[in-house]
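See structure below.
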Amino acid sequence: LRGMRLYSVTGTTQITEWKDKSGNLRHAGNPLGNPAYVSNAGPSGMPTVRILRSAGSGNKCSLAISGSFIAKEHYYVFRSTVSNKFDYYGAVLGHQVNRNSNYLWQHNQRYFHSNRYPAGYSQNGGVFSAGRTPMTTVNQFMVMRVVVDSQDLNPKSNYEIGRAHNNYTASIEVSEILGFSSELPIADREKIEGYLAHKWGIEALLPSTHKYAISLPTFGGAQEIAFQPLSDKTPVSAPFTVVAESSSGLPVTFESNDTA
């Protein structure tokens, strides 16, 4: 998977580094406050990173990510640490430039702040919602997909885990983050949701209609090619575009030397 995938952690009561597994060297470090590693408080008793306002410096608690990039589509395995709401404005992953292509949760609510809504979000592979549509349960671990708007997609060199623009931090626990520079095809999205849900033992939260509600997705090997619906064409319709997606997420290329 291309993007940002965080795994190996250094430190416990104060994390000093959370390494990026994508190969892009987007490691997280330079802690603000005391983001903590907890070995058994994550989903299914697995590890998590605890970011609390009470453990922050002036209620700000975060890890800074190295490198310059844009995260258009985000996937998190996380939860709020308070009772079915967010205890302050905040985000799992946010840049510090402005509110464009960024987001905030609303203080003491479970919906996004109206200052800048994301393009949309979904929980556990469910309905893609936009605007002020409230999330369902937020104090249990979930797979969340967030797609930010396209107002400012220039690379940013100041992304942080746990802190949004203007120093906003909410109390959360985060076990995994994936970030991508563009919005992914449907086949990729379903695979990522299924992969994260099964990896962290929360696959029961996927809708029964989800492609990977029962079985893990596979990567590589034989592929399926899905074509977008296309209205009837005639010779005078040429040229026209055919859109196809592969189940592996790799680009689909078709070449023909038949000029007849």
Side-chain angles (χ1 to χ4, degrees), residues 6 9 13 15 18 28 31-63 71 74-94 99 102-118 120-148 159-179 193 196-197 199-206:
L6 299 167
V9 171
T13 55
I15 295 171
W18 191 359
L32 179 62
N34 292 289
Y37 173 79
V38 186
S39 63
N40 59 0
S44 306
M46 291 188 277
T48 196
V49 171
R50 183 171 289 162
I51 296 173
L52 302 178
R53 287 175 53 75
S54 60
S57 174
N59 289 326
K60 299 181 288 290
C61 189
S62 64
L63 290 160
H74 308 197
Y75 293 83
Y76 316 132
V77 176
F78 91 110
R79 70 176 175 184
S80 169
T81 64
V82 300
S83 179
N84 207 24
K85 64 181 180 180
F86 297 105
D87 64 350
Y88 203 62
Y89 310 103
V92 174
L93 177 68
R99 298 289 173 82
N102 228 353
Y103 71 89
L104 285 173
W105 299 307
Q106 175 65 45
H107 179 206
N108 278 335
Q109 301 294 336
R110 47 188 175 89
Y111 50 76
F112 291 93
H113 192 284
S114 60
N115 179 272
R116 178 65 66 186
Y117 291 125
Y121 79 93
S122 63
Q123 288 178 269
N124 302 312
V127 175
F128 190 67
S129 303
R132 196 176 172 176
T133 306
M135 304 168 211
T136 55
T137 305
V138 297
N139 60 336
Q140 70 175 14
F141 280 99
M142 72 188 92
V143 176
M144 173 166 277
R145 172 189 179 224
V146 176
V147 181
V148 299
Y159 272 96
E160 296 195 19
I161 299 170
R163 187 158 70 107
H165 179 246
N166 279 355
N167 294 320
Y168 291 124
T169 294
S171 299
I172 56 174
E173 292 176 336
V174 189
S175 291
E176 187 156 352
I177 299 172
L178 297 175
E193 291 167 345
L196 290 173
K199 174 181 177 179
W200 293 98
I202 52 176
E203 66 274 12
L205 299 178
L206 295 172

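Nearest heavy atom pair, residue Gly94 against residue Asn102, reads CA-OD1, 3.5 Å. Shortest non-hydrogen contact noted between Ser62 and Glu160 is OG-OE1, 2.6 Å. Gln123 approaches Thr136 most closely through the heavy-atom pair OE1-N, 2.8 Å. Tyr111 and Pro134 get closest at one heavy-atom pair: CB-CA, 3.9 Å. Looking at every heavy atom in both residues, Trp105 comes nearest to Val92 through CH2-N, 3.5 Å. Taking each heavy atom of Ser175 and Pro47 in turn, the nearest pair found is OG-O, 2.9 Å.
Between Ile15 and Pro31 the shortest side-chain heavy-atom distance does not fall below 4.5 Å. Looking only at side-chain heavy atoms (C-beta outward), Arg79 and Asn139 stay at 4.5 Å or farther from each other. Side-chain contact between Glu176 and Lys199 is present, with at least one heavy-atom pair separated by less than 4.5 Å. Proximity of Glu173 to Val38: side-chain heavy atoms (C-beta onward) are nowhere separated by under 4.5 Å.
With Asn124 contributing its side chain and Val143 its backbone, the two residues share a donor-acceptor pair below 3.5 Å. Counting only distance, with no hydrogens or angles, the side chain of Tyr89 and the backbone of His113 share no donor-acceptor pair below 3.5 Å. In terms of modelled atom types and a separation under 3.5 Å, the side chain of Ser44 and the main chain of Trp200 share a donor-acceptor contact. The backbone N or O of Arg53 sits less than 3.5 Å from a side-chain atom of Ser171, completing a donor-acceptor pair. The closest donor-acceptor contact from the side chain of Asn84 to the backbone of Val138 lies under 3.5 Å.
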Criterion side-chain contact (heavy atoms from CB on, under 4.5 Å) on Trp18 and Val174, from CA distance to verdict: CA-CA 12 Å; Trp18 191 359; Val174 189; 4.2 Å; yes

Test side-chain contact (heavy atoms from CB on, under 4.5 Å) applied to Glu193 and Ser122, step by step: CA-CA 10 Å; Glu193 291 167 345; Ser122 63; 3.9 Å; yes

Chi angles and distances behind the side-chain contact (heavy atoms from CB on, under 4.5 Å) call for Ile161, Val49: CA-CA 10 Å; Ile161 299 170; Val49 171; over 6 Å; no

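Checking Phe112, Tyr75, Tyr76, Phe128 one by one against Tyr121, the ring-ring contact (aromatic ring centres under 6.0 Å, His included) holds for a single residue, Phe112.
Note: Asn34 CG to Thr13 OG1 = 6.5 Å, rounded to the nearest 0.5 Å. Separation of atoms CG (Asn108) and NZ (Lys85) is listed at 4.0 Å; rounding is to 0.5 Å.
Ring-plane geometry between Tyr88 and His107 is classed as perpendicular, the angle between the planes exceeding 60 degrees on a 0 to 90 degree scale with a lower cut at 30.
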